[in-house]
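Heavy-atom basis, side chains included; hydrogens, waters and symmetry copies ignored. Reminder, nothing fancy here: chain letters follow the sequence lines and each chain counts from 1.
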There are 2 protein chains.
Amino acid sequence: MAVAVPRAAKTQRRTRIQAEREELILGAALEVFAAHGFRGATIDQIAEQAGMSKPNLLYYFPNKEIMHRMLIDRLLETWLEPLRKLDPEGEPLTEIRSYIRRKLEMARDYPRESRLFANEILQGAPRIADELEDLKKLVDEKAKVIGRWIERGKLARVDPYHMIFSIWATTQHYADFDVQVCTVLGPKRSGEGRFEDAARYLDQLFVGGLNPKA
Amino acid sequence: MAVAVPRAAKTQRRTRIQAEREELILGAALEVFAAHGFRGATIDQIAEQAGMSKPNLLYYFPNKEIMHRMLIDRLLETWLEPLRKLDPEGEPLTEIRSYIRRKLEMARDYPRESRLFANEILQGAPRIADELEDLKKLVDEKAKVIGRWIERGKLARVDPYHMIFSIWATTQHYADFDVQVCTVLGPKRSGEGRFEDAARYLDQLFVGGLNPKA
DNA sequence: TGAAAAATTGACCGGTTGGTAAAGATTACA
DNA sequence: TGTAATCTTTACCAACCGGTCAATTTTTCA
């Protein structure tokens, strides 16, 4: 009789338990979505990971899509922060280098978020077409900045878009393809030090490749 | 009564229809697995893509795993060919540049294979642990070659393993993240010319980054 | 403390999925 | 041509999956 949908209660403020449980669930969902993709993840798995029953989980999030959507939204917010921080007034090569460093740190510290995103893009981004348009706007803006740097002779004459792609690709690779990276590096080199090696290498690669001397 | 399992018939050679149908099915399976991942793909989808009924498909491949396994095996065979071709006797920078070009061509011509592999790695490579070990051996071998080139002053002093990772990442990015690449480039630049632009950029990046002058 | 609100659970439901059984249609070939 | 092997289809099943319901337990707070 009584419609008991506290999650959707419009004007009602959230309980302490609500806030805690929602965080717990989102963490579990991130783990499972990142590991199996949207279709491959089951609500039961997420519930078990969160240590609760399926109906209990569904009491907080009415369905799978909403959990996924919330994770994607939250992800994009923090994920694009390094690119937003690219400072048009800064020293070009320094800006690019710290962008690369920050992106690599994110791959190290938030691999699940990276894989969540990769899963979604890989399967054609069916649920985030709008967000990709926003991403395009940000990239357009930053590509212009990079273009101006090039005009001023501060960087080699490269395509700014493909430059950004190559930064994304090389840094996120260490999160998305972690299993492959660790297997290939072998047990001795696949400790956390691999990120320092990667940072050193990428710095060499991009400094060499983007220096305007050529 | 009679066990009718012609696919598994040991010593019997394959029918013409068998060969045709198996190829048809594997093509359909590649399409669906690449788009949805192993778990996300359904036998019904694959059967429909192949234009036949599900039981008919299962007459040729007894289950989903076997189709997937066969695709992965076939994929790795051709996928690693460019790396195998890296010639220890060739001119180092030229060898690397053609390796990059070949990998980029594969991303352009076989994007489904790339996505199939990416899906598998992304989800922890549960079904191809053995194959990854073989991959490691090949990379170990080629890393030594690259190491010798560096010792001889033919390449900048970079980590060969991370160098290979960066080549994989930047080239496969154009297959795996195609949706994102096309959205960001916009309708005008996302034609097939994007691969030529990518080739030009990657050539600049790696030639600059790997030149031994520094 | 007590009662209302919030949180949790077990039982259940309709649809999907991987896979099977068995009978019918087609093809190869002696 | 006849028939045995191969191929295809219809009907089906058990397990799983997303989600609901109603009842129970726990928490909040007047």
Side-chain angles (χ1 to χ4, degrees), chain A residues 1-26 28-29 32-33 35-71 123 126-127, chain B residues 1-26 28-29 31-33 35-71 126-127:
Chain A
M1 188 104 349
V3 271
V5 188
R7 261 289 287 106
K10 301 105 196 176
T11 48
Q12 205 141 357
R13 64 167 166 68
R14 302 196 328 174
T15 311
R16 173 184 54 86
I17 292 183
Q18 266 177 38
E20 285 174 12
R21 299 303 252 178
E22 284 179 14
E23 275 318 298
L24 179 69
I25 291 168
L26 284 179
V32 177
F33 281 134
H36 305 288
F38 179 80
R39 184 79 159 51
T42 72
I43 301 183
D44 276 302
Q45 272 179 302
I46 300 172
E48 189 188 338
Q49 180 83 23
M52 66 179 70
S53 65
K54 179 169 64 170
N56 197 181
L57 183 152
L58 287 167
Y59 170 77
Y60 294 100
F61 295 91
N63 57 51
K64 221 169 102 169
E65 274 86 359
I66 287 193
M67 280 187 279
H68 192 261
R69 157 68 52 160
M70 203 165 293
L71 283 172
Q123 310 199 352
R127 282 167 290 269
Chain B
M1 189 99 352
V3 271
V5 188
R7 261 287 288 107
K10 300 105 197 177
T11 47
Q12 205 140 357
R13 65 167 166 67
R14 302 195 327 174
T15 310
R16 173 184 54 86
I17 292 184
Q18 265 176 39
E20 284 174 13
R21 300 301 251 177
E22 284 179 13
E23 275 318 298
L24 179 69
I25 291 168
L26 284 179
E31 189 76 26
V32 177
F33 280 135
H36 304 289
F38 179 79
R39 185 77 158 53
T42 72
I43 300 184
D44 275 303
Q45 271 179 302
I46 300 172
E48 190 189 338
Q49 180 83 22
M52 66 179 71
S53 66
K54 179 168 65 169
N56 196 180
L57 183 153
L58 287 166
Y59 170 77
Y60 293 100
F61 295 91
N63 57 50
K64 221 169 103 169
E65 274 85 0
I66 287 192
M67 279 188 279
H68 192 261
R69 156 69 53 159
M70 203 163 294
L71 284 172
R127 283 168 288 270

For [X] and [N], what is the distance between atoms [atom1] and [atom2] respectively, to the nearest whole Å?
X	N	atom1	atom2	value
Glu48(A)	dC16(D)	CD	C1'	15 Å
Lys64(B)	dT17(C)	NZ	C1'	8 Å
Phe38(A)	dG18(D)	CZ	C1'	10 Å
Glu20(A)	dT27(D)	CD	P	12 Å
Glu65(B)	dG19(C)	CD	C1'	11 Å
Leu57(B)	dT9(D)	CG	P	11 Å
Ile43(B)	dT16(C)	CD1	C1'	12 Å
His68(B)	dG19(C)	NE2	P	13 Å

(message) Just to be sure I understand the rule, does Leu58(A) reach a base, reach only the sugar-phosphate, or reach nothing, if contact means heavy atoms closer than 4.0 Å?
(response) base
(request) Indicate, with a heavy-atom threshold strictly under 4.0 Å, whether Ala47(B) touches base, sugar-phosphate, or nothing. (result) nothing
(request) Would you kindly compare Ser53(A) and Asn63(B) by the position of their nearest DNA chain C nucleotide and give the one closer to the 5′ end? (result) Ser53(A)
Of all the nucleotides listed ([options]), which has the minimum atom distance to the side chain of [X]?
X	options	value
Arg39(A)	dG18(C), dG18(D), dT17(C)	dT17(C)
Pro55(A)	dT20(D), dG19(C), dC7(D)	dT20(D)
Tyr59(A)	dG18(C), dT20(C), dA7(C)	dA7(C)
Thr42(A)	dG18(D), dA7(C), dG10(C)	dG18(D)

Contact between [X] and [Y] at the side-chain level, heavy atoms closer than 4.5 Å - yes or no?
X	Y	value
Arg127(A)	His68(A)	yes
Gln123(A)	Phe38(A)	no
Glu22(B)	Met70(B)	no

Please check the phosphate of [N] (OP1 and OP2 only) for any side-chain N or O of [X] closer than 4.0 Å.
X	N	answer
Asn56(B)	dC7(D)	no
Gln18(A)	dA6(C)	no
Arg21(A)	dT8(C)	yes
Tyr60(A)	dT8(C)	yes

(request) Keeping the roles fixed (side chain from Lys64(A), backbone from Ile43(A)), state whether a donor-acceptor pair exists under 3.5 Å. (result) no
(request) State whether the number of non-hydrogen atoms from other residues, nucleotides or ligands found under 6.0 Å of Gln45(A) atom CD is greater than 12. (result) yes
(request) Look at the side chain of Lys54(A) and the base of dG19(D), then say whether one donor and one acceptor between them are separated by less than 3.5 Å. (result) yes
